[in-house]
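Below, chains carry the letters A, B, ... as their sequence lines are ordered, and counting in each starts from 1. When reading the values below, keep in mind they use all heavy atoms of this one structure, side chains included, and skip hydrogens, waters and symmetry mates.
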2 protein chains.
Amino acid sequence: MKIKSQRLVAIRKIIQTQKVSSQDELLVLLESSGHITTQATLSRDLKFLKVAKVADPELGYIYSLGDAVFKKSEEDSIDDFPMNGVKSIEFSGNMAVMKTRPGFANGVAFVIDSHGLYEVLGTIAGDDTILLIAREGVSKADVVHALALFIPGLEDMVL
Amino acid sequence: MKIKSQRLVAIRKIIQTQKVSSQDELLVLLESSGHITTQATLSRDLKFLKVAKVADPELGYIYSLGDAVFKKSEEDSIDDFPMNGVKSIEFSGNMAVMKTRPGFANGVAFVIDSHGLYEVLGTIAGDDTILLIAREGVSKADVVHALALFIPGLEDMVL
DNA sequence: TTTATATTTGAATATTTTTGCAATTGAAAT
DNA sequence: ATTTCAATTGCAAAAATATTCAAATATAAA
């Protein structure tokens with residue numbers, strides 16, 4: 001079904017963007033972006049997406065996507081370097097072709113994979129080109145937005 | 001106070017060691033190691049320790065300190081079946097993205113190709129990912145069934 | 001020590017989350 | 001088209017978790 005995956009993307013976007021501390025709160029936020037549903041469904045969605053609820057210094061509790069909270073020191077340094085190799089991204093159907101500087105494709109693809117993005121099923125890398133398969137029901141903008149979280153300036157590389 | 005910090009240490013130890021899925025369950029486990037308390041206190045302790053509750057493939061939910069959960073059950077067992085480098089398969093449109101253990105993709109793709117399946121036009125393999133192009137008019141279930149003939153347990157790997 | 005202040009806790013309660021079930025919808029097969 | 005099977009959902013109830021409040025306990029200052 002289409003609506004479900006769209007809703008899941010919307011949920012990810014909201015959770016990555018702001019601090020949500022209950023499913024009822026999320027319910028309201030989703031309405032604002034056109035997704036009407038019930039709290040029971042959200043409970044199932046959050047379970048599916050492996051979203052965790054964890055204590056937050058400011059608010060009491062917030063929801064968090066695995067990679068956002070837990071990924072920290074280890075791979076951060078590795079994260080940044082290869083991402084400068086990205087040169088452009090273009091879409092065709094549910095695929096994207098990303099161009100990198102020669103030799104960078106595998107490194108970049110590895111980083112993309114390791115983020116375990118919901119929007120991206122997987123990647124295949126050559127030397128300077130990455131083929132990226134997007135999830136059904138996910139828009140190009142969704143993919144760009146998700147990748148832009150760790151590829152600075154990607155927005156400007158869309159051809 | 002002394003007892004509290006001891007309890008916190010005990011909680012950490014338990015959570016890192018085994019899969020706990022409720023505070024009541026944790027309550028019992030703590031008794032075994034000499035810490036009598038109540039659920040209310042555990043709620044506070046878990047908040048203090050920033051322990052997250054997250055979905056687990058096997059049990060419903062488990063508590064988790066940091067990324068222990070996310071990496072655990074991935075790479076644990078190394079069996080000896082021929083094709084069991086395969087970890088998952090997902091579909092998007094007329095394509096499937098198959099994930100394998102690192103380095104396995106080419107080997108698995110070769111085997112798939114050599115079966116000359118009607119359902120599969122062809123494959124492209126990277127290091128741990130295979131892109132699989134399905135024939136038009138063939139359903140996702142068809143592809144899975146065809147592959148399952150020689151990839152044991154593939155049915156359970158469909159995400 | 002004694003008083004004042006802050007922390008910790010349990011019991012009860014409020015809130016939040018999960019789940020069983022039945023109805024609905026969608027996709028595939030006949 | 002009709003039937004079958006599986007996936008998705010809402011509702012209501014159950015289960016789990018967080019918090020309020022008051023009491024108990026520790027900590028600090030005099």
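Nucleotide D:dT17 holds its C1' atom 17 Å from the CD1 atom of A:I62, rounded to whole Å. One can place CZ of A:F48 at 15 Å from C1' of D:dT9, the figure rounded to the nearest angstrom. To the nearest angstrom, P of C:dT16 lies 18 Å from CG of B:L46. Summarising the geometry, the separation between CG on B:L42 and C1' on C:dG10 is reported as 12 Å, rounded to the nearest angstrom. Distance A:D24 CG to D:dA18 P: 15 Å, rounded to the nearest Å. Atom CG in A:D45 sits roughly 13 Å away from atom C1' in D:dG10 (whole-Å rounding). In this structure, B:E25 atom CD and C:dT18 atom P are separated by 15 Å, rounded to whole Å. Regarding A:Y63, its OH atom lies at a distance of 7 Å from the C1' atom of C:dT17, rounded to whole Å.
Taking 4.0 angstrom as the limit, B:Q23 places none of its side-chain polar atoms (N or O) nearer than this to OP1 or OP2 of D:dA15. One finds no side-chain N or O of A:R7 lying less than 4.0 angstrom from the OP1 or OP2 phosphate oxygen of D:dT8. Within the structure, every side-chain polar atom (N or O) of A:K53 is placed at least 4.0 Å from both OP1 and OP2 of C:dT16.
Each end of the helix from C:dT1-D:dA30 to C:dT30-D:dA1 gets its own rotation axis from five pairs of C1' atoms, and the angle between them is 40° to the nearest 10 degrees.
Annotation: side-chain contact (heavy atoms from CB on, under 4.5 Å) contacts of A:A146 (sequence neighbours excluded): A:L117, A:E119. Listed by chain and residue number, nothing satisfies the side-chain hydrogen bond (donor to acceptor under 3.5 Å, both in side chains) test with A:E90 (two or more places apart in sequence, or in another chain). For the side-chain hydrogen bond (donor to acceptor under 3.5 Å, both in side chains) test, no residue two or more places apart in sequence or in another chain qualifies with B:Q18.
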Worksheet, complete the sentence: With B for base contact, S for sugar-phosphate-only contact and - for none (protein heavy atoms under 4.0 Å), nucleotides 19-24 of chain D reads BBB---
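If you check the side chains of A:E25 and A:S21, you find a donor sitting under 3.5 Å from an acceptor.
In this structure, the separation between CG on A:L147 and CD1 on A:I89 is 5.5 Å, given to the nearest 0.5 Å. The line from CG of B:L26 to CG of B:L42 is 5.0 Å long, rounded to the nearest 0.5 Å.
Every pair passing salt bridge (charged side-chain N to carboxylate O under 4.0 Å, His left out) that includes a residue from residues 140-150 of chain A is listed here, sequence neighbours excluded: A:K13-A:D142.
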